[in-house]
Chemist: 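Submitted below is the structure of interest, expressed as structure tokens.
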Amino acid sequence: VSPWIIGFRLVSSSGEPFEESCGDVFSTVKDAINEWCTKMNIEQGERTDAEMLEYISEYEYDDLDTYFYINEFTFG
């Protein structure tokens with residue numbers, strides 16, 4: 001892995017229980033997943049990070065204006 005590769009995870013969210021955000025930055029996918037799990041009071045359990053990313057993206061909130069998007073960016 002090149003030392004010049006930079007990666008980060010950008011989270012956009014809105015609605016309860018999330019704060020309005022258009023750019024919270026997390027160092028790892030795991031950190032972003034943990035934030036979602038904490039806010040939603042849902043445990044990751046045996047699911048892998050990839051499975052959790054799919055679970056979060058497909059999660060249906062009570063309010064249509066609620067969302068939590070995890071976007072990964074890598075530069076290098």
Chemist: For the residue pair Tyr55 and Gln44, establish whether any side-chain heavy-atom pair is separated by less than 4.5 Å.
Modeler: no

Chemist: Other hydrophobic cluster members with Tyr67, side-chain heavy atoms of Ile/Leu/Val/Met/Phe/Trp/Tyr under 4.5 Å, chained?
Modeler: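 Besides Tyr67, the cluster holds Tyr69.
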
Chemist: Can you confirm whether Met40 sits close enough to Tyr59 that some side-chain heavy atom of one is under 4.5 Å from a side-chain heavy atom of the other?
Modeler: yes

Chemist: Nearest 0.5 angstrom please: Phe68 CZ to Phe18 CZ, how far?
Modeler: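 The CZ atom of Phe68 sits 6.0 Å away from the CZ atom of Phe18.
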
Chemist: State which residues pass salt bridge (charged side-chain N to carboxylate O under 4.0 Å, His left out) with Asp49; sequence neighbours excluded, sorted by chain then number.
Modeler: Lys30

Chemist: For Thr38, give me all partners under side chain to side chain contact (heavy atoms under 4.5 Å, CB included), at least two apart in sequence or on another chain.
Modeler: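 Residues passing side chain to side chain contact (heavy atoms under 4.5 Å, CB included) with Thr38: none at all.
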
Chemist: Taking the side chain as C-beta and beyond, is there a heavy-atom pair between Val11 and Asn71 under 4.5 Å?
Modeler: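 No, their side chains stay 4.5 Å or more apart.
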
Chemist: Keeping the roles fixed (side chain from Glu51, backbone from Thr48), state whether a donor-acceptor pair exists under 3.5 Å.
Modeler: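 Here the side-chain-to-backbone pair exists.
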
Chemist: Taking side chain as C-beta onward, heavy atoms only, is Ser13 less than 4.5 Å from Lys39?
Modeler: no

Chemist: Once rounded to the nearest 0.5 Å, what's the spacing between atom OG1 of Thr66 and atom CD of Glu60?
Modeler: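 Taking OG1 in Thr66 and CD in Glu60, the distance rounds to 12.5 Å.
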
Chemist: Give a yes or no on this: more than 12 heavy atoms of other residues, nucleotides or ligands lie within 6.0 Å of atom CG of Asp62.
Modeler: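 Open.
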
Chemist: Taking all non-hydrogen atoms of both residues, which atom of Ile56 and which atom of Tyr61 are closest, and how far apart?
Modeler: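 In this case the closest contact between Ile56 and Tyr61 is O-OH, 4.3 Å.
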
Chemist: CG/Leu53 to CD1/Ile33 distance, rounded to the nearest 0.5 angstrom?
Modeler: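 It comes to 4.5 Å.
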
